[in-house]
Amino acid sequence: MTNPLIGITSNYSTMPLSLLTSSTLQRSYITAVIKAGGIPLIIPSDIDEIGWKELTTRLDGILFSGGGDIATDYFNGEDHPAISGIEPARDALELGMVREVVAAGKPFLGICRGLQSVNVALGGTLYTHIPDQVPNSLVHEQERGEDASSRTELGHAVSIQPGTYLARVTGQTRLNVNSFHHQGIKDLAPGLLVSAQSPDGVIEAVELPNHPFGLAVQWHPEWLVDIESELAIFKAFVDAAAGRLNFKNGIISGRFAQQID
Ligand code: MN
């Protein structure tokens with residue numbers, strides 16, 4: 001297989017000057033998947049359980065994208081006035097799909113909310129507002145400007161655990177990243193491994209050992225694909241979806257072979 005099919009989860013939104021709703025996804029996710037050699041497909045949240053289970057079977061890889069907050073009911077989270085953007089259908093679909101891709105051994109990548117979805121789906125919990133719940137936390141919610149330039153600004157560093165998938169894929173033990181989140185992982189789900197943290201201890205990346213490719217990051221690499229180490233995350237994901245890379249079986253071929261040995 002050359003170009004794998006990559007499903008990307010999406011938001012609901014109301015169109016400007018209208019009450020009509022749309023399924024929406026920032027194009028940066030789409031362009032990053034295309035740049036890495038994948039064929040992107042937007043997954044609307046309306047699909048029922050029979051539908052998303054069928055989709056999971058047919059897709060080669062699934063990208064859990066950024067978005068609003070996950071309902072606290074799913075992780076017995078602390079209520080907070082800053083919680084926003086809850087979409088019940090999206091919560092149900094994504095948390096179900098995470099468990100499905102984990103059970104099926106299907107490659108997945110989580111970004112921002114996607115990292116939080118992976119953790120909650122597998123039994124972890126979240127801080128519902130980092131500035132009030134993590135002492136001495138750094139600024140994790142950068143200013144969101146009108147144009148793309150605000151998304152490529154690098155707000156804080158992350159230290160990457162040597163030997164992890166993330167370290168192997170990026171070839172780095174430290175990265176400066178962008179940061180657009182007010183929530184984050186509190187209790188790590190059983191089975192997940194922390195692969196990166198910011199200097200204040202906030203978990204910035206997790207991965208699923210013994211999975212063909214299971215990685216999630218709290219920052220937004222889709223805005224940073226001009227940086228080789230960030231594009232490498234998408235390339236490794238697409239390669240795994242195409243069957244060219246498999247961390248579980250140690251079948252490593254193609255462009256990451258040397259970095260991994
Ligand atoms: Mn951050």
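Atoms within a ligand are numbered from 1 in the order they appear, just like the ligands themselves.
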Answer yes or no: is there a donor N or O on one side and an acceptor on the other, between the side chain of Asn178 and the main chain of Glu153, under 3.5 Å? no

Is the closest basic N to carboxylate O distance between Glu94 and Arg113 below 4.0 Å? yes

Flag the pair Lys35 and Asp226 as a salt bridge only when some basic side-chain nitrogen lies within less than 4.0 angstrom of an acidic carboxylate oxygen. yes

Atom of His140 nearest the Mn ion (ligand 1) (restricted to N/O/S, atom name only): ND1

What is the name of the N/O/S atom of Glu204 that is nearest to the Mn ion (ligand 1)? OE2

Quick one: are the ring centres of His156 and His140 less than 6.0 Å apart? yes

Within less than 2.8 Å of the Mn ion (ligand 1), any N, O or S from Ser179? yes

